[in-house]
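These values consider heavy atoms only, across backbone and side chains, with no hydrogens, waters or symmetry-generated copies. Since the model is a prediction, treat every value here as computed from it, not as a measurement.
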Amino acid sequence: MFCFGKKFVCGASVKGPSHVLHGIVNQDAFLYLKKRKYSLFVVSDGMGSKPYSDLGSKMACMSVAKEIELFVKNKHSSYPISQLFENVVERWKKSVLPHDVKECSATCLFVFATKTKILTARLGDGMICLLGKEPSQSVALTDDKDGSFSNATCSLSDSSVVQEFKYAIYDRSLFKGVVLSTDGISADMNSGKELPFAEDIFCELKKMFFWKRNAFLRNMMEKWPVPHHTDDKTIVVAGL
């Protein structure tokens, strides 16, 4: 799983300063898998105002992993992508019982890569960057920063959650790497800065020995340069 060269994968998550100050648990979660037939990368941000959002984010990652595993076992079932999202949501709702789903609200962003295709899916705030083998092929999927932001972000507990997933499918051969983060990172970036940030981090990590990568990411987030930042921060970086 932790390998040298361009096929590496690593990730880290740190509590935001306000959670450190008040003794609150980290409400973010992440997961990554590299298997023979596919790779999967997931990040989730538990809603800070909800009492069990840390459970919600962990179960979001586990629910995606289980449903993707079943999807692959069914040889890429022909059911629509919306059915995959519906299965993830239903599994998540069961996994947070006996708690009310509204008390476990969490976002869900993931990248599912087979040998030929990449599926990106976003529910709620956060960032997915696909790094192209050519710079012009890179893609940033991130928060709306046009000034129309409201405090309501989509989460797995929403009543119309399946319709709120934003997804796209890409040709895997065009890309060399992927970076996912929760909005503790992406919300601090000016529009247009996401891809340069992702490219710099990817290139820096690619040169490192595997045992240094997670520590590098943790140190970067613990020394986050944006004044007065408060949120938990989570990032996953991988070669494709």
Side-chain contact test, heavy atoms from C-beta onward, threshold under 4.5 Å: evaluate it for [X] versus [Y] and give yes or no.
X: R172; Y: K115; result: no
X: E67; Y: L84; result: yes
X: I118; Y: F112; result: no
X: L31; Y: L40; result: yes
X: D54; Y: K58; result: yes
X: I201; Y: M220; result: yes
X: M221; Y: I185; result: yes

Quiz item: Taking it one step at a time, do S155 and V161 satisfy side-chain contact (heavy atoms from CB on, under 4.5 Å)?
Solution: CA-CA 7 Å; S155 78; V161 58; over 6 Å; no
Any chance you could measure [X], atom [atom1], to [Y], atom [atom2], to the nearest 0.5 Å?
X: M189; Y: D183; atom1: CE; atom2: CG; answer: 11.5 Å
X: I68; Y: K73; atom1: CD1; atom2: NZ; answer: 13.5 Å
X: T142; Y: E194; atom1: OG1; atom2: CD; answer: 4.5 Å
X: N87; Y: E90; atom1: CG; atom2: CD; answer: 8.0 Å
X: C61; Y: F30; atom1: SG; atom2: CZ; answer: 8.5 Å
X: N219; Y: W224; atom1: CG; atom2: CH2; answer: 12.0 Å

Show me the donor-acceptor pairs, under 3.5 Å and distance only, between side chains in residues 129-138 and residues at least two apart or in other chains.
from: K133; atom 1: NZ; to: S173; atom 2: O; distance (Å): 3.0
from: Q137; atom 1: OE1; to: E134; atom 2: N; distance (Å): 3.1
from: S138; atom 1: OG; to: G132; atom 2: N; distance (Å): 2.9

Quiz prompt | ring pair (Phe, Tyr, Trp, His ring centres under 6.0 Å) against Y170, all qualifying residues, sequence neighbours excluded | solution =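 Checked Y170 against ring pair (Phe, Tyr, Trp, His ring centres under 6.0 Å); matches are F175.
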Practice problem: Could you list the residues that satisfy ring pair (Phe, Tyr, Trp, His ring centres under 6.0 Å) with Y167, not counting sequence neighbours? | Solution: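 So Y167 forms a ring pair (Phe, Tyr, Trp, His ring centres under 6.0 Å) with F85.
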Could you state whether [X] and [Y] fall into the same hydrophobic cluster, counting links through intermediate Ile, Leu, Val, Met, Phe, Trp or Tyr residues with side-chain heavy atoms under 4.5 angstrom apart?
X: V25; Y: M62; result: no
X: I24; Y: L55; result: no
X: F165; Y: M47; result: no

Distance-minimising heavy-atom pair for [X] and [Y]:
X: Y38; Y: E69; value: OH-CA, 3.8 Å
X: L205; Y: C10; value: CD1-SG, 3.8 Å
X: V96; Y: G56; value: CG1-CA, 4.3 Å
X: S82; Y: V162; value: O-CG1, 3.6 Å
X: A140; Y: L195; value: CB-CG, 3.8 Å
X: S39; Y: K34; value: OG-CG, 3.7 Å

Quiz prompt | For F110, the option from L119, L123, V43 that meets side-chain contact (heavy atoms from CB on, under 4.5 Å) | solution =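 Result: among L119, L123, V43, L119 is the only option passing the side-chain contact (heavy atoms from CB on, under 4.5 Å) with F110.
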Self-check item: Single hit among L109, I128, V178 for side-chain contact (heavy atoms from CB on, under 4.5 Å) with T120
Solution: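 For T120, the side-chain contact (heavy atoms from CB on, under 4.5 Å) check succeeds only for I128.
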Exercise. Check side chain to side chain contact (heavy atoms under 4.5 Å, CB included) between E204 and all other residues, then give those that pass, not counting sequence neighbours.
Key: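 For E204, the residues satisfying side chain to side chain contact (heavy atoms under 4.5 Å, CB included) (neighbours in sequence not counted) are K207, M208, F216.
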Return a table of donor-acceptor pairs under 3.5 angstrom between the side chains of residues 231-240 and protein atoms on other chains or two or more places apart.
from: D232; atom 1: OD1; to: G16; atom 2: N; distance (Å): 2.7
from: D232; atom 1: OD1; to: H19; atom 2: ND1; distance (Å): 2.9
from: D232; atom 1: OD2; to: H19; atom 2: ND1; distance (Å): 3.1
from: D232; atom 1: OD2; to: Q27; atom 2: N; distance (Å): 2.8
from: K233; atom 1: NZ; to: H229; atom 2: ND1; distance (Å): 2.9
from: K233; atom 1: NZ; to: D231; atom 2: O; distance (Å): 3.0
from: T234; atom 1: OG1; to: S13; atom 2: OG; distance (Å): 2.6
from: T234; atom 1: OG1; to: D28; atom 2: OD2; distance (Å): 2.9

Quiz prompt | side chain to side chain donor-acceptor pair (under 3.5 Å) pairs, two or more places apart, involving residues 92-108 | solution =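 Listed once each, the pairs are S105-S157.
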